[in-house]
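Data first, discussion second: the structure below is written as C-alpha cells.
Quick note: numbers below take in every heavy atom, side chains included, and nothing from hydrogens, waters or symmetry partners. The first residue of the sequence shown is numbered 1, and numbering continues consecutively from there.
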Amino acid sequence: MRSLSASELLNIWEWGLNQPSWSKAIKLLASACPETSIDMLTQLSLGQRDAMLLTLREWTFGSQLVSQVTCPSCGEVLELNFDIADMRIASLSLDPVEKYCLELGDYQVSFRLPNSLDMIAIAEHKQPEIAQEILLERCILQAVCDGEYLLFQQLPSHTKDAIITQMAEADPQANVPIDISCSACNHQWQSLFDIVSFFWAEINTWGFRVLREVHTLAAAYSWPEADILAMSPRRRQLYLEMVTD
C-alpha cells in the first residue's frame with residue numbers, strides 16, 4: 001500500500017460524491033494498492049479493510065483525529081480528540097482466514113467473516129433485523145447438529161447469537177467502540193468508530209478546500225491545476241497568503 005497524491009485523492013473524491021460507503025472504501029484501497037485486485041480487496045474482512053483505511057488515513061491527514069458529537073442527554077456539542085493508535089487493534093492480522101468454527105452443544109457451525117461483498121448484498125435492506133439475518137446467512141458455510149446438515153433457518157436463535165459474538169471477537173477492528181463522557185451533564189455512553197464515514201467526511205472537507213485553493217492560484221498566476229496540486233500543502237499555502245496580502 002502507498003500514500004495517495006493530492007491529484008489522486010481529488011479524483012477519488014469527485015468520483016465518490018454519490019457513491020455508497022462500501023464503494024468509497026474499496027476505491028480508496030484500490031487506488032492505494034494497485035498491486036491488489038478488486039476481488040481480493042472486496043473479500044477482506046471488514047476489520048482488515050478498516051485497518052488498511054486507518055493506515056491510509058494516517059498517511060493522508062496525520063495521526064490525530066478530531067470529531068464532534070452531540071450528547072444524547074443534554075444536547076451539548078462535544079469535541080473529541082484522539083489518536084489513530086487508539087483506534088487500531090494492534091494484534092490484527094491482515095492474512096486471510098477462510099473459515100472459523102463454533103461448537104455449541106450439539107451444534108457445529110463453520111462460518112467466515114463479513115466482507116464488502118456482504119455490505120453490497122444488504123445495502124438495500126433498511127430494517128436492521130432483516131439485514132443482519134441476510135448477512136449472517138451469507139457468512140455461514142455449514143451447520144450440523146447430531147450429524148445432520150441444517151439450513152440457516154433451522155438454527156436456533158441462541159446459536160446465531162453465539163456466532164455473531166464470535167465474529168465480533170475474531171474481527172475486532174470492524175467494531176471499535178469509543179467511550180464518551182459529557183463534560184456538561186456527566187452522561188456516559190459508547191459510540192462505534194466508523195473509519196469509512198470519518199475518513200470520507202475529512203476528504204469531502206479537504207476536496208472543497210483544495211478546489212478553492214486551486215481556483216484562487218489559477219486565477220492569480222494562470223497555473224494549471226496539475227501544477228498546483230503537485231505543490232506541497234505548505235508551499236501552496238504560502239502562495240495563497242501572497243495572493244491575499
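Cluster annotation: L4 is connected to F61 through the hydrophobic network of ILVMFWY side chains, with a link wherever side-chain heavy atoms come within less than 4.5 Å. A continuous path of ILVMFWY side-chain contacts below 4.5 Å connects W59 to V210, so both sit in one hydrophobic cluster. By the rule that hydrophobic residues join a cluster once side-chain heavy atoms approach within less than 4.5 Å of another member, L78 and F82 end up as members of one cluster. Both L44 and L56 sit in one connected hydrophobic cluster of ILVMFWY residues. Membership requires side-chain heavy atoms under 4.5 Å apart, directly or through other members. Residues V69 and L65 share a single hydrophobic cluster, defined by chaining ILVMFWY side chains whose heavy atoms lie under 4.5 Å apart.
Atom NZ of K24 sits about 8.0 Å away from atom CG of N18, to the nearest 0.5 Å. Summarising the geometry, atom CE belonging to M1 is positioned 9.5 Å from atom OG belonging to S3; distances are rounded to the nearest 0.5 Å. With rounding to the nearest 0.5 Å, the separation of CD1 in I130 from CD in E124 is 13.0 Å. Here CG of L117 is found 10.5 Å from SG of C139. Values are rounded to the nearest 0.5 Å. Atom CD of residue E8 and atom OG1 of residue T60 lie 10.5 Å apart, to the nearest 0.5 angstrom. For the atom pair CG of L80 and CG of D86, the computed distance is 11.5 Å after rounding to the nearest 0.5 Å.
Looking at heavy atoms from C-beta onward, I134 lies out of side-chain contact with D118 at the 4.5 angstrom threshold. The closest side-chain heavy-atom distance from M87 to I178 is below 4.5 Å. Counting only heavy atoms from C-beta outward, the side chains of E169 and Y100 never approach each other to under 4.5 Å. By the 4.5 Å heavy-atom criterion applied to side chains, L141 and E98 are not counted as neighbours. Using a 4.5 Å heavy-atom threshold, the side chains of W15 and S23 count as touching. Inter-residue side-chain proximity for P72 and H187 is flagged as met; some heavy-atom pair is nearer than 4.5 Å. The shortest side-chain heavy-atom distance between M167 and P114 falls under the 4.5 Å cut-off. Counting only heavy atoms from C-beta outward, the side chains of S73 and C182 never approach each other to under 4.5 Å.
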Check the pair Q64 / D83 against side chain to side chain contact (heavy atoms under 4.5 Å, CB included), numbers first and verdict last. CA-CA 5 Å; Q64 294 299 306; D83 194 275; 2.8 Å; yes

Between M52 and C33, is a side chain to side chain contact (heavy atoms under 4.5 Å, CB included) present by the stated rule, with each step listed? CA-CA 10 Å; M52 295 178 70; C33 305; 3.6 Å; yes

Assess whether side chain to side chain contact (heavy atoms under 4.5 Å, CB included) is satisfied between V176 and D50, documenting all intermediate values. CA-CA 10 Å; V176 180; D50 288 358; over 6 Å; no

Show, in sequence, the C-alpha distance, side-chain angles and deciding distance for W206 and L10, and conclude whether the side chain to side chain contact (heavy atoms under 4.5 Å, CB included) test is met. CA-CA 9 Å; W206 173 89; L10 195 63; 4.0 Å; yes

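A pairwise comparison of heavy atoms in R49 and L29 identifies CG-CD1, 3.7 Å as the closest pair. For the pair D171 and S45, the tightest heavy-atom approach, listed with the atom from each and the gap, is OD1-OG, 3.0 Å. Taking each heavy atom of Q142 and V144 in turn, the nearest pair found is NE2-CG2, 3.8 Å. Here the shortest heavy-atom pairing between E133 and K160 reads OE1-NZ, 3.1 Å. Nearest heavy atoms, N115 versus R112: ND2-NH1, 3.4 Å. Listed here is the closest heavy atom pair of I12 and K27: CG2-CG, 3.9 Å.
Within a 6.0 Å radius of CD in E14, other residues, nucleotides and ligands contribute 12 heavy atoms or fewer. Within a 6.0 Å radius of NE2 in H125, other residues, nucleotides and ligands contribute more than 12 heavy atoms. By the neighbour-count criterion of 12 heavy atoms within 6.0 Å, atom CD of E241 is densely surrounded, having more than that number from other residues, nucleotides or ligands. Atom CD of E35 has more than 12 neighbouring heavy atoms from other residues, nucleotides or ligands inside a 6.0 Å radius. By the 6.0 Å contact criterion, CD on Q132 is open, its count of non-hydrogen atoms from other residues, nucleotides or ligands being 12 or less.
The list of ring pair (Phe, Tyr, Trp, His ring centres under 6.0 Å) pairs with a residue in residues 134-179, not counting sequence neighbours, is empty.
Judged purely by atom type and a 3.5 angstrom limit, R2 uses its side chain to pair as donor or acceptor with the backbone of S31.
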Name every donor-acceptor pair, under 3.5 Å, that has one atom in a side chain of residues 189-203 and the other anywhere in the protein, sequence neighbours excluded.
| residue | atom | partner | partner atom | Å |
| --- | --- | --- | --- | --- |
| Q190 | NE2 | D179 | OD1 | 2.8 |
| D194 | OD1 | V196 | N | 3.1 |
| D194 | OD1 | S197 | N | 3.4 |
| D194 | OD2 | S197 | OG | 2.7 |
| E202 | OE1 | R57 | NE | 2.8 |
| E202 | OE1 | R57 | NH2 | 3.3 |
| E202 | OE2 | R57 | NH2 | 2.5 |

Taking only distance into account, with no hydrogens and no angle test, what donor-acceptor pairs under 3.5 Å do side-chain atoms of residues 226-237 form with protein atoms, sequence neighbours excluded?
| residue | atom | partner | partner atom | Å |
| --- | --- | --- | --- | --- |
| S232 | OG | R235 | N | 3.1 |
| R236 | NE | E213 | OE1 | 3.0 |
| R236 | NH1 | I228 | O | 3.3 |
| R236 | NH1 | M231 | O | 3.3 |

